[in-house]
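One structure is given below, encoded as structure tokens.
Per chain, numbering begins at 1; letters A, B, ... match sequence-line order.
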Amino acid sequence: MVLLEMIVMGLAAGTIYGVMALSFVLIYRVGKIVNIAVGDMVLLGAYLIFAFSGLGLVEDPVINLILGLILASIFGLVIAVGTERFLMRPLYGQSILSLIMMTVALGMILRGATIVKWGTVLRVFPGQHEVFPPIPFTIGPIEIPYVYLWSITGAFLIFGSFLYLFRKTLFGFAMRAVSLDPEAAATHGISIKKIYTYTWMIAYVAAFLAGLVLGAINGITVIVSYLGLARALPAALIGGLDSPGGAMLGGLLLGLIEHTVGTFLNAYIPGIRAIIPYIVLLVVLIVKPYGLFGTVRIERV
Amino acid sequence: MKNVLEVRDVHLSFGGIIALNGVNLQLREGEILALVGPNGSGKTSLLNCICGFYKPQKGSIIYKGKDITKTPPHVRAEMGIGRIFQTPYIFHGTVVDNIMVGYVTKNRNLMSLLTSKSTVEARELAEELIEFVELEIYRNSPAHGLPMGIRKRIELARVLMWNPDTLLLDEPTSGLSIDEKRDMARFILELNEVHGKSILLVEHDLSLVHDIAHRAVVMDAGVEIAEGTPEEVVNNPEVIKAYLGE
């Protein structure tokens with residue numbers, strides 16, 4: 001029964017790793033940018049949700065927090081426009097390293113901004129204990145903390161919406177076309193700058209949702225940023241850097257192994273749970289260098 | 001006939017390599033103009049300059065009387081220029097998905113691109129074009145692994161989604177069998193004669209050029225060396241020299 005609970009918890013945690021990995025993978029797939037700032041986007045999201053829900057626009061704490069998430073996401077759309085227009089666009093056509101360094105700078109800017117505005121003191125979301133009660137939710141014999149219900153629901157909504165967008169709408173077709181060859185897509189009438197901007201928007205919203213869940217689990221502090229990157233990166237690499245579906249499966253696999261094998265081994269080797277994601281990553285990359293679902297590149301010589 | 005497209009004194013170089021060295025060209029409304037020349041003569045580079053893929057260092061591109069030299073590629077498409085590549089540009093998805101994406105050029109509003117209404121409209125239009133390029137049996141097949149001839153038709157159908165007036169066709173028959181070449185020539189002629197498209201055709205197959213083009217321009221080493229009817233240019237001594245040497 002403990003094992004079953006660990007599996008459920010692992011999968012639940014994995015959903016949010018998957019959402020962060022999706023944010024990471026999208027930017028890579030469409031813009032070929034390795035976004036090191038993903039953890040800091042998660043952190044910014046947590047603080048913005050904290051700030052907007054702190055306004056207390058409605059009395060009900062659950063609706064208040066959801067409203068906080070919505071307002072933070074709207075704010076995130078504006079930041080996404082700024083990120084693409086002022087930080088990334090001037091570097092298109094430059095080396096991959098320049099783009100990576102720009103995301104490092106973006107991460108520092110976002111993290112620095114949160115420290116300037118909110119300091120380094122641990123904070124919790126307004127009404128957190130009412131929204132995420134300390135008594136876990138029970139399904140039969142299994143107990144799950146409430147925050148994971150949010151995680152599962154949020155991940156389901158964002159991943160489902162994204163899959164619909166990517167596979168069924170013209171906008172998704174345009175994203176896929178740009179991800180294959182931006183210049184050719186532009187020649188076929190697609191504004192690549194717009195597609196890049198919208199991709200950053202989706203990435204920010206996904207990261208902000210993760211910020212809500214990680215902030216609720218760990219408290220809102222700069223550690224959320226490190227946790228974000230430390231889980232998004234291996235989940236994305238395990239799934240395959242350019243596969244949105246792989247990102248979610250990578251996240252689920254990571255959560256599952258972390259909460260089962262990691263928890264089990266942690267009793268014998270304290271602290272190993274924290275490095276389990278990277279051990280899994282190493283094994284996957286040795287066996288399948290492009291990740292479980294990544295595109296295998298074939299180059300003509 | 002008035003000119004729909006004019007290339008004026010276009011220069012393009014990559015580092016020390018000169019790809020285009022003062023090229024001039026006029027595409028008249030409703031004609032098929034063939035652009036021929038040996039490999040490396042600058043034909044594809046010229047097409048890339050016209051569609052905005054490359055920015056020439058000097059010279060200008062005039063489309064319907066408007067200077068589009070600095071216009072972004074997606075806006076040029078919206079203005080009525082459709083280009084197909086020598087190696088078809090096909091993303092992972094079905095044949096119909098790959099064609100439908102051309103609708104984005106017709107309708108730029110993000111919100112409408114998310115609605116099922118525009119998807120339905122795009123699908124209806126794509127179905128018409130699938131019939132035009134005779135790909136009915138491939139409609140829902142994954143496009144990426146299909147043979148070259150099929151992928152070229154997919155790309156042609158995608159470009160036709162936004163109903164461009166002018167088509168830039170980069171070696172549309174290269175890598176095709178004789179039957180496939182005949183079909184492609186038929187599509188090009190129908191687009192020109194029935195739908196009134198002006199077509200700039202880069203082509204190595206001189207017999208095809210002879211059969212379907214109204215005029216031909218020959219390029220060599222980044223410059224235009226001959227212009228005239230297909231019969232005239234193939235007998236031009238400069239052209240023979242460019243292809244066969246001294």
What part of I90(B) lies closer than 4.5 angstrom to a heavy atom of chain A: side chain, backbone, both or neither?
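Contact with chain A: backbone only.
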With only heavy atoms counted, which part of R83(B) is less than 4.5 Å from chain A, the side chain, the backbone, both or neither?
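Both the backbone and the side chain of R83(B) come within 4.5 Å of chain A.
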Member of F53(B), Y103(B), F91(B), F85(B) meeting the ring-ring contact (aromatic ring centres under 6.0 Å, His included) criterion with H188(A):
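So, applying the ring-ring contact (aromatic ring centres under 6.0 Å, His included) to H188(A) and each of F53(B), Y103(B), F91(B), F85(B), only F85(B) qualifies.
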Could you tell me whether R176(A) and D97(B) have a side-chain N and a carboxylate O separated by less than 4.0 Å?
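Between D97(B) and R176(A) there is a salt bridge, with a charged N closer than 4.0 Å to a carboxylate O.
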Basic-acidic side-chain contact under 4.0 Å: E131(B), R139(B):
no
Test of ring centre spacing under 6.0 Å for Y54(B) and F14(B)
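Ring-ring flag for Y54(B)/F14(B): true, centres closer than 6.0 Å.
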Shorter than 4.5 Å, heavy atoms on both sides: which option in A177(A), A174(A), G172(A) has the most such pairs with chain B?
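Of the candidates given, the most pairs with chain B belong to A177(A).
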Contact winner vs chain B - L165(A), T169(A), T187(A), heavy-atom pairs under 4.5 Å
T187(A)
So for K168(A), is it side chain, backbone, both, or neither that comes closer than 4.5 Å to the heavy atoms of chain B?
backbone
Residue of the set L200(B), L27(B), I81(B), I62(B) for which side chain to side chain contact (heavy atoms under 4.5 Å, CB included) holds with V4(B):
L27(B)
